[in-house]
Visitor: 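Once you've had a glance at the structure underneath, I'll fire off some questions.
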2 protein chains.
Amino acid sequence: MTTIKDIAKVAGVSVTTVSRALNGYSDVNEKTRQKIMAVAKELKYSPNTLARSLVMNKSNTIGLLVSGLTRSSAKDNFTFKILSGVNEYLSNSGYDLVLFSTTSTKQREKTYTELCRERRVDGVIMQGIKTDDPYLIEVVDSDIPCVLIDIPIESDTVGYVTTDNISGAKKAVQHLLELGHKKIAMVNGHEFAFVSKRRLEGFMEAHHEMNVPVNPSWIVSGAFDEDEAERQALKLLTDFPEITAVFCASDLMALGVIKAAKKLKIDIPTQLSIVGYDDILLASYVSPALTTVAQDIYQMGYKSAELLVQMLQGDAVSHIITLENELKMRESTAKNHDC
Amino acid sequence: MTTIKDIAKVAGVSVTTVSRALNGYSDVNEKTRQKIMAVAKELKYSPNTLARSLVMNKSNTIGLLVSGLTRSSAKDNFTFKILSGVNEYLSNSGYDLVLFSTTSTKQREKTYTELCRERRVDGVIMQGIKTDDPYLIEVVDSDIPCVLIDIPIESDTVGYVTTDNISGAKKAVQHLLELGHKKIAMVNGHEFAFVSKRRLEGFMEAHHEMNVPVNPSWIVSGAFDEDEAERQALKLLTDFPEITAVFCASDLMALGVIKAAKKLKIDIPTQLSIVGYDDILLASYVSPALTTVAQDIYQMGYKSAELLVQMLQGDAVSHIITLENELKMRESTAKNHDC
DNA sequence: TTGAAAGCGCTAACAT
DNA sequence: ATGTTAGCGCTTTCAA
């Protein structure tokens with residue numbers, strides 16, 4: 001493997017000059033530069049970023065720490081979209097991407113902070129981390145520049161990107177209320193996700209604004225899981241047949257609710273309206289096509305990377321980015337026939 | 001940031017001893033080790049992998065070079081499944097993953113070899129690279145250990161994992177022939193993919209074995225693209241209304257063909273049978289559900305990583321891994337009514 | 001069992 | 001415009 005030392009020898013200059021020439025410094029004779037460049041090319045020189053990073057104390061690497069990069073996460077490819085977006089921005093930014101992944105089941109032997117420090121990443125983007133994850137706090141409290149996805153924590157070194165989950169949920173529920181539904185259930189995610197809290201808030205707000213009472217028994221947790229949502233919905237729709245609409249905190253869970261409804265021979269949308277959240281690919285393919293709150297997850301990834309790089313360069317205007325969402329009306333919602 | 005020097009100072013030993021203690025060498029007094037470990041923990045020491053990699057000339061990093069990590073690739077999340085599989089294996093192997101991505105549209109300023117050398121990856125897995133990509137050859141000809149996905153090139157430093165595409169295609173076409181179809185078209189991918197060639201071979205073989213002639217005009221290229229496949233199918237089915245079945249080299253293209261058939265008011269499967277390839281998520285959700293040749297892409301990723309790590313450790317038995325595939329019969333194929 | 005010293009490939013003062 | 005020197009944090013001879 002060629003080093004600048006080799007180049008220096010062949011070109012008959014010092015390593016300093018080689019370094020300067022290669023890095024485009026101005027204080028090097030044009031002829032010398034030409035010569036060095038030629039030798040570098042001839043020797044097929046590739047700079048050793050390890051050495052450079054070591055001495056510059058900057059790796060030009062950003063970490064992407066995700067949870068749920070598993071076989072099963074292909075259906076709801078949230079993680080993939082984030083990754084694509086991050087990658088898209090980073091590929092034009094001079095930073096490389098190293099991927100750290102974690103699963104909620106298996107506890108890591110190293111903390112996220114250690115992971116980042118060992119690899120000397122310049123910053124990290126985190127997605128899918130539960131809010132009760134102790135390693136999360138550790139990173140946030142450390143001096144590692146960090147962008148969180150859907151976790152609203154901000155500090156000097158921490159920023160986040162999210163969507164307006166309150167308004168998203170509100171739009172969904174308002175839509176149902178406008179269709180005449182008064183008995184609306186909610187299948188929420190788990191308590192360790194900020195989005196769940198926000199979406200519940202939106203659910204509440206929409207009801208209050210229209211002066212429609214909320215029945216707490218109709219709010220259940222589907223743990224962001226299709227099967228769990230199905231089980232919960234089965235129970236819910238059996239116990240409370242008066243329910244005419246369900247708002248789900250994710251499309252995946254909405255899929256589960258649809259299954260439950262089918263099992264109970266409840267027709268969608270004539271007997272039961274369903275609204276999801278996310279607008280995953282499947283949402284427009286299932287039958288009936290799912291009305292849902294669309295968020296641009298790819299864009300969230302892209303913006304996260306952009307924000308982090310700006311933070312690293314010290315020119316981030318704000319550490320908070322909130323993206324819009326949009327209610328997509330499809331076939332799973334209809335007028336309430338009871339009214 | 002704490003270094004071994006700091007630890008040495010506090011513990012009152014030399015850096016050599018610290019290094020040895022931390023790396024679990026046996027020739028260090030147990031009491032000294034305890035002391036060093038305690039100090040390391042107290043000082044929140046994280047080893048600098050950059051420095052270690054530099055001196056050991058080994059980064060414990062493997063690169064994943066993919067093409068098509070784009071917003072649009074969410075539908076056919078081949079890349080994501082590969083990534084998940086690779087990540088799954090690697091997360092238990094001591095290697096970190098750095099992601100390189102390329103798009104066919106934008107030509108990279110650096111060759112893949114340069115990318116690998118600069119980051120000093122120990123090896124690289126490549127997916128989605130076209131066979132005519134000059135950078136591919138460069139990597140293969142280099143001394144960088146490399147595992148290719150679906151590109152059958154083997155050498156001392158190069159291995160590959162693929163599925164048996166000939167048999168896969170054969171199964172699909174045999175299925176159609178057994179249903180009485182004699183006029184079978186094929187919508188293939190592009191010529192720069194080995195899988196296309198293999199699947200065409202399988203298509204041919206199945207015909208020959210059953211003594212059914214192949215009409216070359218019925219073999220078109222859909223470029224692995226849904227829209228292009230739709231266009232081609234529109235033309236094909238219009239020009240040759242005698243066709244009763246179509247074998248597609250990917251599910252995505254099959255989706256395009258289904259659209260074309262719908263536009264032409266050709267019913268599937270009564271008037272036209274369609275078989276896809278891949279078994280993407282959508283395959284079981286579209287209507288009619290798609291009969292297809294399933295390949296375990298996650299497993300391909302997992303096995304690639306396993307193979308590469310074995311190669312790096314010098315204990316790879318073979319550099320070639322061929323996985324099985326399976327014909328999944330769903331609703332898009334039926335008996336040929338013309339016979 | 002421990003330490004001193006050299007060096008991995010690079011950059012960055014500080015001369016000249 | 002170019003070279004000398006030191007040093008980033010680590011591992012690894014070699015000696016003690």
Visitor: So what does B:N23 hit on the nucleic acid, given a heavy-atom distance under 4.0 Å: a base, only sugar-phosphate, or nothing?
Guide: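 Sugar-phosphate contact only.
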Visitor: Show every salt bridge (Lys or Arg N to Asp or Glu O under 4.0 Å) that has at least one partner inside residues 60-70 of chain A, sequence neighbours left out.
Guide: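 Non-adjacent pairs meeting salt bridge (Lys or Arg N to Asp or Glu O under 4.0 Å): zero.
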Visitor: Taking the side chain of A:V55 as its heavy atoms from C-beta onward, which of D:dG7, D:dT12, D:dC10 lies nearest to it?
Guide: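 Among D:dG7, D:dT12, D:dC10, the one nearest the side chain of A:V55 is D:dG7.
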Visitor: Rounded to whole Å, please give me the gap between NZ in B:K5 and P in D:dG7.
Guide: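 Value for this atom pair: 8 Å.
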Visitor: For A:A21, what residues pass the side-chain contact (heavy atoms from CB on, under 4.5 Å) criterion, not counting sequence neighbours?
Guide: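 With sequence neighbours excluded, A:A21 shows a side-chain contact (heavy atoms from CB on, under 4.5 Å) to A:V28, A:I36, given in chain and number order.
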Visitor: Run the side chain to side chain donor-acceptor pair (under 3.5 Å) test against A:Y95 and tell me which residues pass, sequence neighbours left out.
Guide: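 Partners of A:Y95 by the side chain to side chain donor-acceptor pair (under 3.5 Å) criterion, ordered by chain and then number, come out as A:K58.
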Visitor: Quick one: list whatever passes side-chain contact (heavy atoms from CB on, under 4.5 Å) with A:K5, sequence neighbours left out.
Guide: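 Per chain and number, A:K5 pairs via side-chain contact (heavy atoms from CB on, under 4.5 Å) with A:T3, A:V15.
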Visitor: Where along residues 36-50 of chain B does a heavy atom come under 4.0 Å from DNA chain D, residue by residue in number order?
Guide: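 Contacting residues: B:Y45, B:P47, B:N48.
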Visitor: What pairs with B:K44 under side-chain contact (heavy atoms from CB on, under 4.5 Å), at least two apart in sequence or on another chain?
Guide: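 So B:K44 forms no side-chain contact (heavy atoms from CB on, under 4.5 Å) with any residue.
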Visitor: How sharply is the helix from C:dT1-D:dA16 to C:dT16-D:dA1 bent, taking the axes over five pairs at either end and rounding to 10 degrees?
Guide: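 The angle, to the nearest 10 degrees, is 40°.
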Visitor: Which sits closer to the 5' end of DNA chain C, B:S26 or B:A51, going by the nucleotide each is nearest to?
Guide: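 Final value for this comparison: B:S26.
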Visitor: Tabulate below the donor-acceptor pairs under 3.5 Å that side-chain atoms of residues 138-149 of chain B make, not counting sequence neighbours, or state none.
Guide:
residue, atom, partner, partner atom, Å
B:E138, OE1, B:T111, OG1, 3.0
B:E138, OE1, B:T113, OG1, 3.0
B:S142, OG, B:V139, O, 2.7
B:S142, OG, B:I144, N, 3.1
B:D143, OD1, B:R117, NH1, 3.3

Visitor: If you define the side chain from C-beta out and look only at heavy atoms, does anything of B:T61 sit under 4.5 Å from B:L97?
Guide: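 A side-chain contact under 4.5 Å is absent here.
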Visitor: Can you name the residues that form a side-chain contact (heavy atoms from CB on, under 4.5 Å) with A:L43, not counting sequence neighbours?
Guide: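 Partners of A:L43 by the side-chain contact (heavy atoms from CB on, under 4.5 Å) criterion, ordered by chain and then number, come out as A:T2, A:D6, A:I7, A:V10, A:V39.
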Visitor: Could you give all pairs that pass the ring pair (Phe, Tyr, Trp, His ring centres under 6.0 Å) test and reach residues 19-73 of chain B, with sequence neighbours left out?
Guide: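 Qualifying pairs: none.
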Visitor: Mind checking what makes side chain to side chain donor-acceptor pair (under 3.5 Å) contact with A:S84, not counting sequence neighbours?
Guide: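 By the side chain to side chain donor-acceptor pair (under 3.5 Å) rule, A:S84 matches no residue at all.
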Visitor: Measure all distances between protein nitrogen or oxygen atoms and nitrogen or oxygen atoms of nucleotides 2-4 of chain C, and list the pairs falling under 3.5 Å.
Guide:
residue, atom, partner, partner atom, Å
C:dT2, OP1, B:T32, OG1, 2.6
C:dT2, OP2, B:N29, N, 2.7
C:dT2, OP2, B:T32, OG1, 3.4
C:dG3, OP2, B:S14, N, 2.8
C:dG3, OP2, B:S14, OG, 3.1
C:dG3, OP2, B:T17, OG1, 2.6
C:dG3, N7, B:R20, NH2, 2.8
C:dG3, O6, B:R20, NH1, 3.2
C:dG3, O6, B:R20, NH2, 3.3
C:dA4, N7, B:T16, OG1, 3.4
C:dA4, N6, B:T16, OG1, 2.9

